[in-house]
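A short worksheet on the structure shown next.
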Amino acid sequence: MEVARDLIGCVVRHAGSAGRIVEAEAYHEEEPACHAFVGLTARTKPLFGPAGFAYVYRSYGIHALLNAVTSEDGEGAAVLIRALEPLDGIELMRARRGVERLTDLCSGPGKLTQALDIGLSLNETSLLADGPIEFLPREAADAPVPRIVVSERIGITRAMELPWRFSDANAVRFVSSPRPPELRARAA
DNA sequence: TAAACGATGCCCT
DNA sequence: GGGCATCGTTTAC
């Protein structure tokens, strides 16, 4: 989950569009909200490593969700990318999403995959420069140091008490709903 | 082989 | 702010 914190501020680039990560959640096999909790299956195989690859799966039969695998020593672990601040290829994102508002383009895990045209075919591909999806470290992306807010994860029914959701308090506009309690009521 | 269950987003109030 | 569509994966019979 240190990786989830470090991923805030990184830039994700794919298919002519890019965004800065403003929200991410950590998942680990020892905790029941994680897909890897059930063990090694055809679906969860990518979660068990190696790290640095994508785990893309279908949620609710409709959406593709993007994870960065962070597995070490064969354990199942990953970070769910939940929201981006749009940077490049914004018109491309608008066309793919069918919406205009900047804050509606990538403010959710299913939204950002649609905006960046990330589909299930990219499962198990590399997230380094040699793969189709490219993750740029915060320093390389010359992004400002984010003010990170820690809260409970959302959209799950088990292990909800773990504080493994990380959001950038300086980019609240682009964080998905419901926002962390600490960030409600403010609009910057 | 069948049925239940989501790491969601959209549309309506 | 709340209800609902939708289908692959998992688990049970």
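Order of the sequence lines sets the chain letters (A, B, ...), proteins ahead of strands, with each chain counted from 1.
Residues A/Val69 and A/Leu40 fall within the same hydrophobic cluster, defined by Ile, Leu, Val, Met, Phe, Trp and Tyr side chains chained together at heavy-atom separations under 4.5 Å. Cluster membership check: A/Tyr27 shares its hydrophobic cluster with A/Tyr57, using side-chain heavy-atom separations under 4.5 Å among Ile, Leu, Val, Met, Phe, Trp and Tyr. Clustering ILVMFWY residues whenever any of their side-chain heavy atoms sit less than 4.5 angstrom apart, transitively, puts A/Leu127 in the very cluster that holds A/Ile21. Residues A/Leu80 and A/Ile133 are members of separate hydrophobic clusters, defined by side-chain heavy-atom contacts under 4.5 angstrom among Ile, Leu, Val, Met, Phe, Trp and Tyr. Under the 4.5 Å side-chain heavy-atom criterion for ILVMFWY residues, a single connected hydrophobic cluster contains both A/Val12 and A/Leu122.
For A/Arg20, the salt bridge (Lys or Arg N to Asp or Glu O under 4.0 Å) partners at least two apart in sequence or on another chain are A/Glu85, A/Asp168. Under the side chain to side chain contact (heavy atoms under 4.5 Å, CB included) criterion, A/Phe53 pairs with A/Pro50, A/Ser126, sequence neighbours left out.
A distance of 12.0 Å separates CG of A/Leu112 from NE2 of A/His63, quoted to the nearest 0.5 Å. Note: A/Lys111 NZ to A/Leu84 CG = 12.0 Å, rounded to the nearest 0.5 Å. Between atom OG of residue A/Ser151 and atom CD of residue A/Glu25 there is a gap of 7.5 Å, rounded to the nearest 0.5 Å. Here the OG1-NE2 distance, from A/Thr125 to A/His14, works out to 7.5 Å after rounding to the nearest 0.5 Å. In this structure, A/Leu47 CG and A/Thr70 OG1 are separated by 9.0 Å, a value rounded to the nearest 0.5 Å. Here the SG-CD1 distance, from A/Cys106 to A/Ile90, works out to 8.5 Å after rounding to the nearest 0.5 Å.
Annotation: side chain of A/Val99 is in contact with side chain of A/Leu105 (closest heavy-atom distance under 4.5 Å). At least one side-chain heavy atom of A/Pro146 sits less than 4.5 Å from a side-chain heavy atom of A/Arg138.
In this structure, A/Ser167 and A/Glu23 approach most closely via the heavy-atom pair OG-CG, 4.0 Å.
When base pairs are accepted only as Watson-Crick or G-U wobble with both N-N or N-O distances under 3.5 Å, DNA chain B takes part in stems of 3 or more pairs at B:1-6 with C:7-12, B:8-12 with C:1-5.
For residues 130-180 of chain A, no pair satisfies ring-ring contact (aromatic ring centres under 6.0 Å, His included), with sequence neighbours left out. The salt bridge (Lys or Arg N to Asp or Glu O under 4.0 Å) pairs that include a residue from residues 86-106 of chain A are A/Arg13-A/Asp88, A/Glu91-A/Arg94, A/Arg94-A/Glu100, A/Arg101-A/Asp104, where partners are two or more places apart or lie in different chains.
Of the residues in residues 11-46 of chain A, those with a non-hydrogen atom less than 4.0 angstrom from any atom of DNA chain B are A/Tyr27, A/Ala33, A/His35. Within residues 61-98 of chain A, the residues approached by DNA chain C to less than 4.0 Å at the level of any non-hydrogen atom are A/Gly61, A/Ile62, in residue-number order. Listed by residue number, A/Gly110, A/Lys111 are the residues of residues 110-124 of chain A with a heavy-atom contact under 4.0 Å to DNA chain B. For the segment residues 154-162 of chain A, no residue has any heavy atom less than 4.0 angstrom from an atom of DNA chain C. Against DNA chain C, the stretch residues 48-57 of chain A makes no heavy-atom approach under 4.0 Å.
Following rounding to the nearest Å, A/Arg58 (CZ) and C/dG8 (C1') show an atom-to-atom distance of 8 Å.
First and last contacts of DNA chain B with chain A, using any nucleotide atom under 4.0 Å from a protein heavy atom and ordered 5' to 3', fall at B/dG6 to B/dC10.
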Could you give the side-chain donor-acceptor pairs of residues 152-161 of chain A under 3.5 Å, partners two or more places apart or in another chain?
unit_1: A/Arg153; atom_1: NH1; unit_2: A/Ala26; atom_2: O; d: 2.9
unit_1: A/Arg153; atom_1: NH1; unit_2: A/Glu31; atom_2: OE1; d: 3.4
unit_1: A/Arg153; atom_1: NH1; unit_2: A/Glu31; atom_2: OE2; d: 3.4
unit_1: A/Arg153; atom_1: NH2; unit_2: A/Glu31; atom_2: OE2; d: 3.1
unit_1: A/Arg153; atom_1: NH2; unit_2: A/Ala159; atom_2: O; d: 3.2
unit_1: A/Arg158; atom_1: NH2; unit_2: A/Pro32; atom_2: O; d: 3.4

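A donor and an acceptor atom, one from each side chain of A/Arg173 and A/Thr103, are nowhere located under 3.5 Å apart.
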